[in-house]
Chemist: 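Just dropping this structure here.
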Amino acid sequence: MKLTDNVLRSFRVAKVFRENSDKINCFDFSPNGETVISSSDDDSIVLYDCQEGKVFKSSCVTMSVTDDWCIDVFVLVPLNVIGKGIFGGDTCILQRVQLFLLLPDRPKRTLYSKKYGVDLIRYTHAANTVVYSSNKIDDTIRYLSLHDNKYIRYFPGHTKRVVALSMSPVDDTFISGSLDKTIRLWDLRSPNCQGLMHLQGKPVCSFDPEGLIFAAGVNSEMVKLYDLRSFDKGPFATFKMQYDRTCEWTGLKFSNDGKLILISTNGGFIRLIDAFKGAVLHTFGGYNNSKAVTLEASFTPDSQFIMIGSEDGKIHVWNGESGMKVAVLDGKHTGPITCLQFNPKFMTFASACSNMAFWLPTIDD
């Protein structure tokens, strides 16, 4: 199935988990899309296994789950595109289409970090290990084995809260940004910082999808691009943005095709810029965030759509090319949707306040 405006408008909450007693700070899908890990202000780390399947029904299609957790969807498919796709043409027959949709049935495991707390959390390339930042005692980053709930390594260095954490998509490198106005480069195999950058303000940072460069958003007004192999020589490109006194930048992400950068703020807008030229392509607004909450914005995996939650529990979706809003989805969240990500491999996404909601398309398109 291809993501379209109509498909996105058809998404509905399929499952809600109420495992947490406080706000969910962060969650991350595993690279293969089969598990999700979340962190919360209640000091818990919850692991969801997405390979548990559920049966859903739509008014327009019939769906059933096979042993491989493959949803069989029976739709009317034009004869002239059988074997090529499901759109175009006038004459239709009933055609069996298989959609591999994964949805968790229950939390797989809950771990706790009562002593150190847990804030930002990211999967490494091993399915059973994560790195996470702490929000108690100190600002050390911790490398945790989920298999036996033991720490593999500590990464000390930051002296204030870590506000950005990004894992390289290709190797064991990761970067962190802190309110101590530094960005640090790390390698999972060593506790020692591999590189240190002193900046003029609060940083946000992220790797590009090829792991060759990383972007740093500095002081809510500049985006600097660094070559990972020569970052100590300074940025190879700097994009100056119009400074807005009403809000701060809270996140920065590359699209999967590497062409776009999405800048999140704690105000009522997010910005989409060209990753090569730095030009502002679109500014998206019209969602509620009157209390300056940090709301996560995300791309869909095809890089075509941008999504963000709001303080009133709704999700707003825009077309990245046209800049037009294509959907407003109501997740019935009890608080602001602080976390929002699309599954990297499957047609589902998740949103979180203190509850975790998983969404599926109703396939009415």
Chemist: Looking at D257 and P209, what are the two nearest heavy atoms and their distance?
Modeler: C-CG, 4.5 Å

Chemist: List the atom of H125, the atom of D172, and the distance in Å for their closest heavy-atom pair.
Modeler: CD2-OD1, 4.3 Å

Chemist: Please report the interatomic distance NE2(H158) to CG(L196), rounded to the nearest 0.5 Å.
Modeler: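 Result: 8.5 Å between the selected atoms.
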
Chemist: Mind checking whether W186 and I183 sit in one hydrophobic cluster, side chains of I, L, V, M, F, W, Y counted as touching below 4.5 Å?
Modeler: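 Different clusters.
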
Chemist: If I compare all heavy atoms of S176 with all of C205, which pair ends up nearest, and what's the gap?
Modeler: C-SG, 4.1 Å

Chemist: Do E296 side-chain atoms and Q341 backbone N/O form a donor-acceptor pair below 3.5 Å?
Modeler: no

Chemist: So F284 and M307, do their side chains get closer than 4.5 Å, heavy atoms only?
Modeler: no

Chemist: Return the minimal non-hydrogen interatomic distance between S10 and T362, and the atom names on each side.
Modeler: O-OG1, 3.0 Å

Chemist: Under a 4.5 Å cut-off applied to non-hydrogen side-chain atoms, are F299 and I306 in contact?
Modeler: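 Yes, their side chains come closer than 4.5 Å.
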
Chemist: Just checking, any donor-acceptor pair under 3.5 angstrom between side chains of D41 and N25?
Modeler: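 A donor-acceptor contact under 3.5 Å links the two side chains.
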
Chemist: Indicate, with yes or no, if V13 and L329 share a hydrophobic cluster defined by side-chain heavy-atom contacts under 4.5 Å among Ile, Leu, Val, Met, Phe, Trp and Tyr.
Modeler: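 Yes.
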
Chemist: May I ask whether L120 and I141 are part of the same hydrophobic cluster, defined by side-chain heavy atoms of I, L, V, M, F, W, Y residues being less than 4.5 angstrom apart, directly or through others?
Modeler: yes

Chemist: Centre of F174's six-membered ring, under 6.0 Å away, within 45 degrees of the axis: is that where NZ or CZ of R122 sits?
Modeler: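 R122 over F174 ring: no.
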
Chemist: Going by side-chain hydrogen bond (donor to acceptor under 3.5 Å, both in side chains), Y123 matches just one of T129, T35, N128. Which one?
Modeler: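 The passing option is T35.
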
Chemist: Rounded to the nearest 0.5 Å, what separates atom NZ in K115 from atom OG in S134?
Modeler: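 Answer for the NZ-OG pair, K115 versus S134, is 10.5 Å.
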
Chemist: Nearest 0.5 Å, please: how far is CD1 in I261 from CZ in R271?
Modeler: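 One finds 13.5 Å between CZ of R271 and CD1 of I261.
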
Chemist: Can you name the closest pair of heavy atoms from P336 and V293 and give their distance?
Modeler: CB-CG1, 4.2 Å

Chemist: Mind telling me whether F17 and F358 have parallel, tilted or perpendicular rings, with 30° and 60° as the class edges?
Modeler: perpendicular

Chemist: Evaluate the criterion salt bridge (charged side-chain N to carboxylate O under 4.0 Å, His left out) for residue pair E248 and K202; output intermediate values, then yes/no.
Modeler: CA-CA 9 Å; E248 289 185 335; K202 171 189 171 182; 3.5 Å; yes

Chemist: Side-chain contact test, heavy atoms from C-beta onward, threshold under 4.5 Å: evaluate it for S298 versus F349 and give yes or no.
Modeler: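 A side-chain contact is absent here, since even the closest heavy-atom pair is not under 4.5 Å.
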
Chemist: Would L185 end up clustered with F155 when hydrophobic side chains under 4.5 Å apart are linked, directly or stepwise?
Modeler: no

Chemist: As a test of understanding, state which of D180, N135, D139, D119 forms a side-chain hydrogen bond (donor to acceptor under 3.5 Å, both in side chains) with R161.
Modeler: D119

Chemist: Under a 3.5 Å threshold, yes or no: a donor from one side chain and an acceptor from the other, between S190 and D187?
Modeler: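 Short answer, no.
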
Chemist: Check for me, please, whether L228 and M197 land in the same ILVMFWY cluster - side-chain distances under 4.5 Å, paths through other members count.
Modeler: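 Looking at the clustering, M197 is in the same group as L228.
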
Chemist: Give the minimum heavy-atom separation between W249 and M222, together with the two atoms involved.
Modeler: CZ3-O, 3.3 Å

Chemist: Would you call T173 and F207 a side-chain contact if the rule is heavy atoms closer than 4.5 Å?
Modeler: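 Contact flag for T173/F207 side chains = yes.
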
Chemist: For the side chain of E34 and the backbone of N32, is there at least one donor-acceptor N/O pair under 3.5 Å apart?
Modeler: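 Judged by distance alone, no pair lies under 3.5 Å.
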
Chemist: Check the pair F342 / F29 against ring-ring contact (aromatic ring centres under 6.0 Å, His included), numbers first and verdict last.
Modeler: CA-CA 8 Å; F342 216 98; F29 281 99; 8.5 Å; no

Chemist: Is there a donor-acceptor pair closer than 3.5 Å between any side-chain N or O of R142 and the backbone N or O of T140?
Modeler: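 Here the side-chain-to-backbone pair exists.
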
Chemist: Less than 4.5 Å apart, any side-chain heavy atom of L225 and any of P235?
Modeler: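 A side-chain contact under 4.5 Å is absent here.
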
Chemist: Examine distances only and state if a side-chain atom of D42 and a backbone atom of S21 form a donor-acceptor pair shorter than 3.5 Å.
Modeler: yes

Chemist: Under 3.5 Å, side chain of H198 to main-chain N/O of K181, donor-acceptor pair present?
Modeler: no

Chemist: For the atom pair CZ (R18) and SG (C353), what is the distance rounded to the nearest 0.5 Å?
Modeler: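 One finds 9.0 Å between CZ of R18 and SG of C353.
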
Chemist: Rounded to the nearest 0.5 Å, what separates atom CE in M356 from atom CG in N20?
Modeler: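 Between M356 CE and N20 CG, I get 7.5 Å after rounding to 0.5 Å.
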
Chemist: Are I45 and L144 side-chain neighbours, meaning at least one heavy-atom pair lies under 4.5 Å?
Modeler: yes

Chemist: Which residue in the set V218, V223, L252 passes side chain to side chain contact (heavy atoms under 4.5 Å, CB included) when paired with V204?
Modeler: L252

Chemist: Look up atom CG in L272 and atom OG in S255, then write down how far apart they are to the nearest 0.5 Å.
Modeler: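 The OG atom of S255 is 8.0 Å from CG of L272, to the nearest 0.5 Å.
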
